Protein chains: 2
Amino acid sequence: MIEEKKISMAVIRRLPRYFRYLSDLIKLDIKRISSKELSERMHITASQIRQDLNCFGGFGQQGYGYNVEYLYDEISKILGTNKRFSCIIVGAGNMGNALANYENFSKRGFDIVGIFDVNKEKIGTMINNIKVMHMDTLPEFVKAQRVDIAMLTVPNNKVNEVATQVTDLGIKGIWNFSPTDLRLGDDIIVENVHLSDSLMVLGYRLKESREGKNQK
Amino acid sequence: MIEEKKISMAVIRRLPRYFRYLSDLIKLDIKRISSKELSERMHITASQIRQDLNCFGGFGQQGYGYNVEYLYDEISKILGTNKRFSCIIVGAGNMGNALANYENFSKRGFDIVGIFDVNKEKIGTMINNIKVMHMDTLPEFVKAQRVDIAMLTVPNNKVNEVATQVTDLGIKGIWNFSPTDLRLGDDIIVENVHLSDSLMVLGYRLKESREGKNQK
DNA sequence: TAGATTGTTAATCGATTAACAATC
DNA sequence: TAGATTGTTAATCGATTAACAATC
């Protein structure tokens with residue numbers, strides 16, 4: 001009850017972008033930046049940057065701007081990149097494979113500790129040094145070690161069942177790759193990656209652009 | 001110059017959702033639906049549904065609601081699912097592989113006609129019946145057959161170069177999987193899939209939820 | 001100090017929701 | 001016809017942008 005401010009999703013979804021741009025600035029060896037300069041790089045307004053950052057605290061200094069390294073560290077803390085999240089992948093198909101091989105996740109604090117599938121031929125194999133196990137062994141696995149996030153790359157007709165299964169086991173975070181809007185308990189955090197939605201929007205915009213009425 | 005209404009991105013991004021829900025209704029053999037019933041299924045307001053649909057036309061009937069099949073067909077037309085888009089994948093890594101194997105895309109009108117990479121060992125192999133070719137052969141390929149969309153699954157430090165390359169060849173649509181905000185010409189449509197952004201937002205929300213200040 | 005730039009309040013803009021007349 | 005539900009206008013809400021006093 002020290003402080004209670006509600007951060008809007010719009011702001012939250014911009015945080016990783018700030019994080020990326022600041023990380024780039026560090027690579028470029030830039031030490032300080034004003035909201036105006038940053039706004040030009042990011043193609044958003046300086047006002048928005050200052051508003052966004054001030055949801056979390058005053059990280060700048062009048063007349064100077066922001067210290068890049070300091071701001072980067074603060075945003076890292078806000079995003080929780082210092083924390084580690086233990087993740088499992090459910091579904092060892094092509095997308096599950098791709099995720100298991102994505103090296104950047106562990107760099108950001110997301111450790112993949114197990115892969116689960118029902119296909120007998122896959123059980124026991126290794127993907128990027130992570131063991132593929134049978135779904136039946138999931139309960140004992142989750143009992144034996146904490147799992148924060150389940151990444152679901154299962155067929156669409158299985159995703160509701162699997163989501164219920166993993167949340168019943170106490171997993172609170174779902175990264176869902178199925179074209180289904182999961183509806184789970186209030187204490188479950190779901191992030192959806194609807195690839196085909198994204199592709200359809202691309203198709204729509206492309207079609208509209210061709211027809212000349214190019215909307216922002 | 002017949003009609004000129006600007007559709008907001010917020011509305012456009014909801015179209016694939018309507019499409020999915022209507023497709024489910026058809027499977028359930030439901031013939032008609034009111035905005036109120038649909039709003040309960042989709043967890044959005046009936047007002048929003050009616051506003052959204054009326055951006056494109058009056059598809060309903062007072063006192064009756066919407067004919068499911070008709071509305072589905074209309075939204076399909078709006079989204080352009082009847083059109084076919086010719087696509088290439090650049091980057092035959094894990095994500096490129098996953099995309100090439102994703103059967104749903106062709107169902108939605110997106111045909112993958114070629115995969116390009118620079119890795120000599122991959123050239124000449126087939127992924128899901130699609131030939132992997134060398135990047136050097138991309139110009140002649142694009143000259144020989146129309147390509148609408150380039151799906152970019154290349155390393156982050158290569159994505160700007162590759163994006164320039166493909167847009168110089170006349171490709172107008174980019175589906176970008178790198179954690180980089182591509183900035184290209186006004187006539188180029190870019191859809192980003194920032195997986196690590198999405199995962200970081202999940203991590204943030206999970207952390208906040210644990211600390212009790214669970215924001216919507 | 002003077003100039004620059006923040007933090008923050010106020011104004012604007014756009015998107016969502018409510019209301020209701022039109023009409024099937 | 002009476003009841004239901006749309007299409008659409010008006011009201012509200014929230015997010016973005018502008019402005020500026022505070023201050024480094």
Side-chain angles (χ1 to χ4, degrees), chain A residues 3-18 21-22 25 30-75 78 181 201 215-216, chain B residues 3-18 21-22 25 30-75 78 181 201 215-216:
Chain A
E3 45 178 333
E4 204 72 28
K5 25 186 175 179
K6 186 127 139 298
I7 313 291
S8 80
M9 265 297 169
V11 174
I12 293 168
R13 295 206 178 282
R14 280 193 292 268
L15 290 174
R17 266 192 95 216
Y18 290 121
Y21 276 85
L22 287 163
L25 289 174
I30 292 170
K31 300 297 184 195
R32 69 166 272 279
I33 195 156
S34 67
S35 59
K36 179 145 182 299
E37 286 171 303
L38 188 56
S39 79
E40 281 155 12
R41 281 174 181 271
M42 295 183 70
H43 296 267
I44 56 177
T45 64
S47 264
Q48 181 160 75
I49 292 174
R50 294 204 300 278
Q51 286 277 22
D52 283 357
L53 296 180
N54 276 86
C55 292
F56 303 98
F59 303 130
Q61 198 164 67
Q62 282 99 328
Y64 172 84
Y66 299 87
N67 177 295
V68 171
E69 195 120 19
Y70 173 69
L71 186 55
Y72 174 82
D73 285 346
E74 288 300 317
I75 290 184
I78 293 163
D181 303 319
V201 169
Q215 76 292 90
K216 173 49 190 333
Chain B
E3 46 178 332
E4 203 72 27
K5 27 184 174 179
K6 186 131 140 298
I7 314 290
S8 80
M9 264 297 168
V11 174
I12 293 167
R13 296 207 178 281
R14 278 193 293 269
L15 291 175
R17 266 192 95 216
Y18 290 122
Y21 276 86
L22 287 163
L25 289 173
I30 291 171
K31 300 298 185 196
R32 70 166 270 279
I33 195 156
S34 67
S35 58
K36 179 145 183 298
E37 287 169 301
L38 187 55
S39 79
E40 280 154 13
R41 282 174 180 273
M42 295 183 69
H43 295 269
I44 56 177
T45 64
S47 264
Q48 182 160 73
I49 292 173
R50 294 203 300 277
Q51 286 277 23
D52 283 355
L53 296 179
N54 276 86
C55 292
F56 303 98
F59 303 130
Q61 199 163 68
Q62 282 98 328
Y64 172 82
Y66 299 88
N67 177 294
V68 171
E69 195 120 19
Y70 173 69
L71 186 55
Y72 174 82
D73 286 346
E74 288 300 317
I75 289 184
I78 292 163
D181 303 318
V201 169
Q215 78 290 87
K216 172 45 189 338

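A note on names: the letters A, B, ... follow the listed sequences, proteins ahead of strands, and every chain is numbered from 1. On a predicted model such as this, the values are computed, not experimentally measured, just so you know.
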Between B/E37 and B/S34 (side chain of the first, backbone of the second, donor and acceptor by atom type, cut-off under 3.5 Å), is there such a pair?
yes
Any heavy-atom pair between the side chains of A/I49 and A/Y18 that's under 4.5 Å?
yes
Check whether B/R41 reaches the backbone of B/L25 with its side chain - one donor and one acceptor, N or O, closer than 3.5 Å.
no
Taking side chain as C-beta onward, heavy atoms only, is B/I12 less than 4.5 Å from A/V201?
yes
Are any side-chain N or O atoms of A/R14 and backbone N or O atoms of A/Q48, one a donor and one an acceptor, separated by less than 3.5 Å?
no
With a 4.5 Å cut-off on side-chain heavy atoms, are A/Y66 and A/L53 touching?
yes
Reckon B/S47 touches a base, only the sugar-phosphate, or nothing at all at heavy-atom distances under 4.0 Å?
base
Here the distance between atom P of D/dG7 and atom CG of B/D52, to the nearest Å, is 12 Å
Have a look at B/S35 and tell me which of B/Q51, B/R50, B/E40 forms a side-chain hydrogen bond (donor to acceptor under 3.5 Å, both in side chains) with it.
B/R50
Check the interface with nucleotides 9-15 of chain C: list each N/O to N/O pair with the protein under 3.5 Å, or write none.
| unit_1 | atom_1 | unit_2 | atom_2 | d |
| --- | --- | --- | --- | --- |
| C/dT9 | O4 | A/Q51 | NE2 | 2.7 |

Output the rounded distance in Å from CG (B/L38) to P (D/dG7).
13 Å
Rounded interatomic separation in angstrom, taking CD1 from A/I49 and P from D/dT17:
11 Å
Any non-hydrogen side-chain atom of B/H43 less than 4.5 Å from a side-chain atom of A/D181?
no
Taking only Watson-Crick and G-U wobble pairs with both distances under 3.5 Å, what dot-bracket line describes DNA chain C, where [ ] shows pairs that cross earlier ones and | shows pairs with another strand?
..||||||||||||||||||||||
From CZ of A/F56 over to C1' of C/dT6, roughly how many Å is that when rounded to an integer?
18 Å
Euclidean distance, atom CG of residue A/L53 to atom P of D/dT17 [Å, nearest integer]:
15 Å
Under 3.5 Å donor-acceptor, B/R32 side chain and B/G65 backbone
no
What are the atom names and distances for every N/O pair under 3.5 Å that joins the protein to nucleotides 1-5 of chain D?
| unit_1 | atom_1 | unit_2 | atom_2 | d |
| --- | --- | --- | --- | --- |
| D/dT5 | OP1 | B/R32 | NH2 | 3.2 |
| D/dT5 | O4' | B/G63 | N | 3.0 |
| D/dT5 | O2 | B/G63 | N | 3.3 |

Tightest non-hydrogen contact, residues B/S39 and B/A46, listed as CB-N, 3.4 Å
Close side-chain approach of B/I75 and B/F56, heavy atoms under 4.5 Å
no
